[in-house]
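Heads up, the thing below is written out as structure tokens.
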Amino acid sequence: MNPLFVKVHGNDNVAIIVNPEGVAPGARFANGLTAAEAIPQSHKITLTPLAAGAPIIRYGEVIGHLLSGVDAGRWIREDLLTLPAAPLLDQLQLATRKFAPPEPLIGYTFDGYRNADGSVGTRNMLGITTTVQCVAPTVEYAVRRIEAEILPKYPNVDGVVAVTHSYGCGVAIDAPGARIPIATLGHISRHANIAGDPLVVSLGCEKMQPGRLLPFFEPNVIRLQDNRGFAATVSAICEQAEKRLVELNKRRRAAVPASELNVGLQCGGSDAFSGVTCNPAVGFFADLLVRAGGTILFSEVTEVRDAVHLLTPRCADEATARKLIAEMLWYDEYLAKGGADRSANTTPGNKRGGLANIVEKALGSVAKAGSGPIQHVATHGEKVTAKGLVFAATPASDFICGTQQLASMNLHVFTTGEGTPYGLAMVPVAKVSSRTALAEKWPDLIDIDAGTIATGSQTIEEVGWQLFHYLLDVASGRKKTWAEQWRLHNALAPFNPGPVT
Ligand code: CA
């Protein structure tokens, strides 16, 4: 491959190296620029000479200022840059962007499971939820037995999922922060993919009693401290499970409009390509699904914070913009209480992948949110029922964000540059790579390769449409994602900002 860089915005004074092996000193690009030193793939090269103090501009935005002057063709690393201050939250434009009504996208459907509460599942599973970590190994034991001995008799059921977690006791359950994990687990326990109707296993003495987990629901509860012993308890769970499996097995998929998709978007192991390839392609998909009437959730507060000035103008009204600002402020204060700030977000892998700092990472991350208006802002633990583009506040931690999004989503799209095998038991997780090198290295983990956008062999629009069609197939059960095939099920990790006792 000839030396190749990709520049995103007309005002950018740096570009990203595309060549998988990087470029050598003296490498000459098509526009006449010469690399002044060896620069690895996905790292930044200066396009012009720049003086000390000059802004480094990527995505048309300032990602830092130079500590000393550099020539054209130099490698811009994290240690050459200062970190700009985060956008001031009291100086943002609120709902100032005007949007033409989106052109409706009609006629797209998928085969889903319509539930009694109106929600639509993309899978037909038996859910066994738990009120406390104490019962998790017992439930997991019972699930292994159900899968081996009972489930094969009910071929229309896709699986059995144990909603196990680390919450439920030993916590200040009346503290304000407790609302978040309790609400999150409550919504997951009534997920569309388990028909909104779980079995509940409780210990008996725990703080999060079944009525607290599911306040508006009369579940079938098996209480361990009421049963005789381990074997009797497992038998009780298996017996109740079989009764549910008989009912679930009668369900059939039926065509429903694409507007019934609630897709959670997340990125993990991001690199400097994420904001050029996979995230813009997912953003194009997000615009398509919104046009089809569906719901898109984007999240990860610390990866939005430094790009919030680009998002508050896009809110549908001022009240929504103020909610977005309130979520940023809450998280600033949460981090400050822990002696940290948003710069704590970036990982060694992000930096190896060419991301200098959280500003550059955030600008790439928000590309997932497409180009349309933000219709609703949901706080931590809120179940999203709005249609359109929604900011659902979560931490950026992959497994915590995924757990919170799970409360509302029936499909999950995960973009990655460095690579992660992440998956969830309850919803299909489709993984989109930022680079072709990752898709080639992990052909049995990456579902869609967006690296083709950097080399010019596919456009953002083409990959976005490819993802749209692929997800309709996955939602219909016609295709399984790699994470589903290998049964890669990350543990649920509810966000608990409240005290542990
Ligand atoms: Ca993440």
Side-chain angles (χ1 to χ4, degrees), residues 180 184 263-283 285-286 296-308 311 327-328 331 334-335 340-355 357-370 378 380-381 384 390-409 411-424 427-435 438 442 445-448 450 481 483 488-497:
I180 296 173
T184 303
V263 180
L265 307 179
Q266 206 199 146
C267 50
S270 298
D271 68 4
F273 277 111
S274 296
V276 181
T277 59
C278 52
N279 290 352
V282 168
F285 156 75
I296 290 284
L297 313 176
F298 76 109
S299 298
E300 303 171 292
V301 173
T302 52
E303 291 173 19
V304 161
R305 179 67 180 84
D306 281 273
V308 72
L311 298 174
E327 290 303 332
M328 300 297 118
Y331 218 91
Y334 167 74
L335 289 170
D341 65 22
R342 91 278 193 215
S343 70
N345 171 298
T346 44
T347 65
N350 293 150
K351 291 172 186 180
R352 189 174 64 227
L355 289 173
N357 57 34
I358 183 60
V359 181
E360 187 177 13
K361 185 173 174 179
L363 292 166
S365 179
V366 298
K368 298 196 294 295
H380 300 269
V384 173
V390 175
F391 178 74
T394 74
S397 155
D398 296 350
F399 28 91
I400 298 177
C401 171
T403 301
Q404 260 178 253
Q405 288 188 336
L406 181 57
S408 307
M409 69 182 168
L411 272 187
H412 199 19
V413 173
F414 193 101
T415 64
T416 184
E418 296 287 309
T420 161
Y422 171 86
L424 289 170
V427 297
V429 178
K431 288 200 287 294
V432 184
S433 73
S434 77
R435 293 173 301 122
L438 174 64
W442 282 10
L445 287 168
I446 298 297
D447 298 290
I448 303 270
T481 68
L488 303 177
H489 301 159
N490 281 87
L492 295 180
F495 178 39
N496 177 26

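Counting starts at 1 for both ligands and their atoms, following the listed order. For the numbers below, each heavy atom of this structure counts, side chains included, while hydrogens, waters and symmetry mates do not. What you see is a predicted model; the values in this text were computed from it and never measured.
Looking at Asn490, its side chain does come within 3.5 Å of a backbone N or O of Gly423 through a donor-acceptor pair.
One side chain, Thr415 or Asn279, offers a donor N or O that lies under 3.5 Å from an acceptor on the other. A donor and an acceptor atom, one from each side chain of Ser299 and Gln404, are nowhere located under 3.5 Å apart.
With a cut-off of 3.0 Å, the protein N/O/S atoms near the Ca ion (ligand 1) add up to 5.
Ring geometry for His380 versus Phe495: interplanar angle of 30 to 60°, hence tilted.
With sequence neighbours left out, Lys431 forms a side-chain hydrogen bond (donor to acceptor under 3.5 Å, both in side chains) with no residue at all.
Contact check for Val359 versus Arg342: side-chain heavy atoms found under the 4.5 Å cut-off.
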